[in-house]
Amino acid sequence: MKKFYITTPIYYVNAQPHLGSAYTTIAADVLARFHRMKGEEVFFLTGTDEHGAKVAQTAKKKKIKPQELCDQNSAKYEEVWDTLKISYDGFIRTTNTKHEEMVAQALKRLNDQKLIYKSVYEGLYCVDCERYYTPKELINGECPFHKKKAISLSEDCYFFKLSSFQKKLLQLIKNDQLIVEPLERKNEVLGFLKLNKLEDLAISRTNVKWGISLPWEPKQTIYVWVDALLNYLSGLGWSGAVGQIPKQWPPDVQLLGKDILRFHAVIWPALLLALDMPLPRKLYIHGFFTINGQKMGKSMGNAIDPEEMATVFGTDALRWLILSSFPFGHDGDISQSKFYDKYNADLSNGLGNLLRRVLALAEKTEDSFSFPVESKGEFPAKIKDCWQNYENFFEELKFADIATSINDLVVFCDRYINKNEPWKLFKDNFSQYKDVIYNLLETLRHIAWMVRPFMSDKSDEIFKSLGLENSEKEKSLAVGKQWGKTEFTNVFQGKILFPRL
Ligand code: MSP
């Protein structure tokens, strides 16, 4: 069976999930569900990133132990992901003993291979990013993301020989042996690797207590990003041992936002090369949700609560709105009012209304509807085309294009109804009436399959209204997407699919 391993970044546990963090996770979930629908063996990993100075600081402010903060907030992420129907197969927490042991083991291996050495680090550090910046990268001495002054730090620590991987990384990304998409992000990394001399990476800290200790010098803790990146391996149960490769390895797609591109396109593959592990096939870098042009986040004070949004729109609709509002690889500004407009246009007046219209027309007769053998209409070819686009768009992670093509299909059906006036045919030409309704019911069945990765419950409701509650779910996608094989015997108006807001 074809396997599909997909990851999201692991989320900072000192913050609470917001709509921005939900974005990556919902996209990964839709992709995971699509690959499951295709019959692949999917492993979808997400989790929480729980070490580092920031976590310790937040816990101190709250007068609780760091582990308590991690437990509380990690549970919050799981709760929100449940609300958003995130079907992850693995949830990794970096304070899991197994993960901690694996990270220590991996570092020991790098040390044994002489890829790690001790020296002094001096630099400008942003506590919120948990990373050092070069003076050039700061804007007026401030972190470009958090707009806070970077502090000057100096410490004894261990370094990973990142610089020795520069040429190899450049070559691998250039030749698409490690695919970085979209193209502008690939060019960004290549530009960075061409124009800058890679410096070795400080991979341990003495001044950060809340972290995994280096096995050979426990007062040094492992740099939180190295610890975090290795989750993609520990989440599959990797032991860190030489020669052991988990069955699901390597990732087919790793999703991430543009703020963490370099960690994933430079440090991460270098670590894997050093550990002699195959590289991920593809890194896909999506854009940001912004509010008035500013990245959404707790530290920005503009976070939108995904649970609140799910209460307003319903989880399925929210998932659809989030992914259809703008192209995945770009930034997009959002507001609740834009979501309202889109909800009413695509879902309430669009798909929901079409379903009601078609069912009302179908209910005019007690007859069942089966494939109109005589009819050579445009539907079979159109639907085949739609599936082709659908699968190509999934391959390219063009979620918004998928939504647009489904919306177009809805519009096409509405026009088909207006043109053919089946309410008249019902009286004047019953057999043609039945053909027209068959085409519409069958198209709705296809649409229910197409929206399934985005809106699984709504898809179930459509199947139910079409009288196919159980039979469709037993089909493979290959069978489900065939035209004209389904008979509709028991259609009925269920509850309104998308009530108007
Ligand atoms: N803990 C690190 C990742 C370590 S992975 C080895 C981290 N965490 S995060 O919680 O800050 O961000 C997680 C993901 O959410 C990132 O991909 C980030 O780009 C994404 N987003 C955070 N805010 C976002 C928006 N406003 N819009 C879209 N995605 C956003 O980074």
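Counting starts at 1 for both ligands and their atoms, following the listed order. Treat the numbers as computed from the prediction; the structure is a model and nothing was measured.
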Is [X] salt-bridged to [Y], going by a charged N under 4.0 Å from an acidic O?
X: K148; Y: D128; answer: yes
X: R185; Y: E188; answer: yes
X: D176; Y: K186; answer: yes
X: E184; Y: K258; answer: no
X: E137; Y: R262; answer: yes
X: D252; Y: R281; answer: yes
X: K118; Y: E217; answer: yes
X: E41; Y: K2; answer: no
X: K147; Y: E142; answer: no

query = Is it the side chain (CB and beyond), the backbone, both or neither of Y23 that lies under 4.0 Å from ligand 1, heavy atoms counted?
reply =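 Just the side chain.
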query = Side chain or backbone of F263 under 4.0 Å from ligand 1, or both, or neither, by non-hydrogen atoms?
reply =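 Neither; no heavy atom under 4.0 Å.
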Is there a polar contact, in the sense of an N or O pair closer than 3.5 Å, between [X] and ligand 1?
X: P9; answer: no
X: L256; answer: no
X: Y77; answer: no
X: I260; answer: no
X: K258; answer: no
X: F288; answer: no

For ligand 1, which atoms have a heavy atom of [X] less than 4.0 angstrom away?
X: L229; value: 6 (C)
X: D49; value: 1 (N), 2 (C), 4 (C)
X: Y11; value: 10 (O), 13 (C), 14 (C), 15 (O)
X: H18; value: 23 (N)
X: W225; value: 2 (C), 3 (C), 4 (C), 5 (S), 6 (C)
X: G287; value: 28 (C)
X: H286; value: 28 (C), 29 (N)

Option with minimal heavy-atom separation from [atom], where the choices are [options]:
atom: atom 29 (N) of ligand 1; options: G20, A27, S21; result: G20
atom: atom 17 (O) of ligand 1; options: G332, A228, G257, G52; result: G257
atom: atom 2 (C) of ligand 1; options: V226, I10, D128, T25; result: I10

ask   = Partners of A228 by side-chain contact (heavy atoms from CB on, under 4.5 Å), sequence neighbours excluded?
value =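 For A228, the residues satisfying side-chain contact (heavy atoms from CB on, under 4.5 Å) (neighbours in sequence not counted) are I10, D49.
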key: All side-chain contact (heavy atoms from CB on, under 4.5 Å) counterparts of D82, not counting sequence neighbours   =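 Counting only residues at least two positions away or on another chain, D82 forms a side-chain contact (heavy atoms from CB on, under 4.5 Å) with Y88.
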query = Looking at ligand 1, does A15 have a heavy atom less than 4.0 Å from it?
reply =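 The answer is no, since A15 has no heavy atom less than 4.0 Å from ligand 1.
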inquiry  = Please confirm whether Y232 approaches ligand 1 to less than 4.0 Å, judged on its heavy atoms.
reply    =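 Yes, Y232 has a heavy atom closer than 4.0 Å to ligand 1.
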message = For T46 and T8, which I'm curious about, is there any donor-acceptor pair between the side chains at under 3.5 Å?
response =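 Indeed, the side chains of T46 and T8 share at least one donor-acceptor pair under 3.5 Å.
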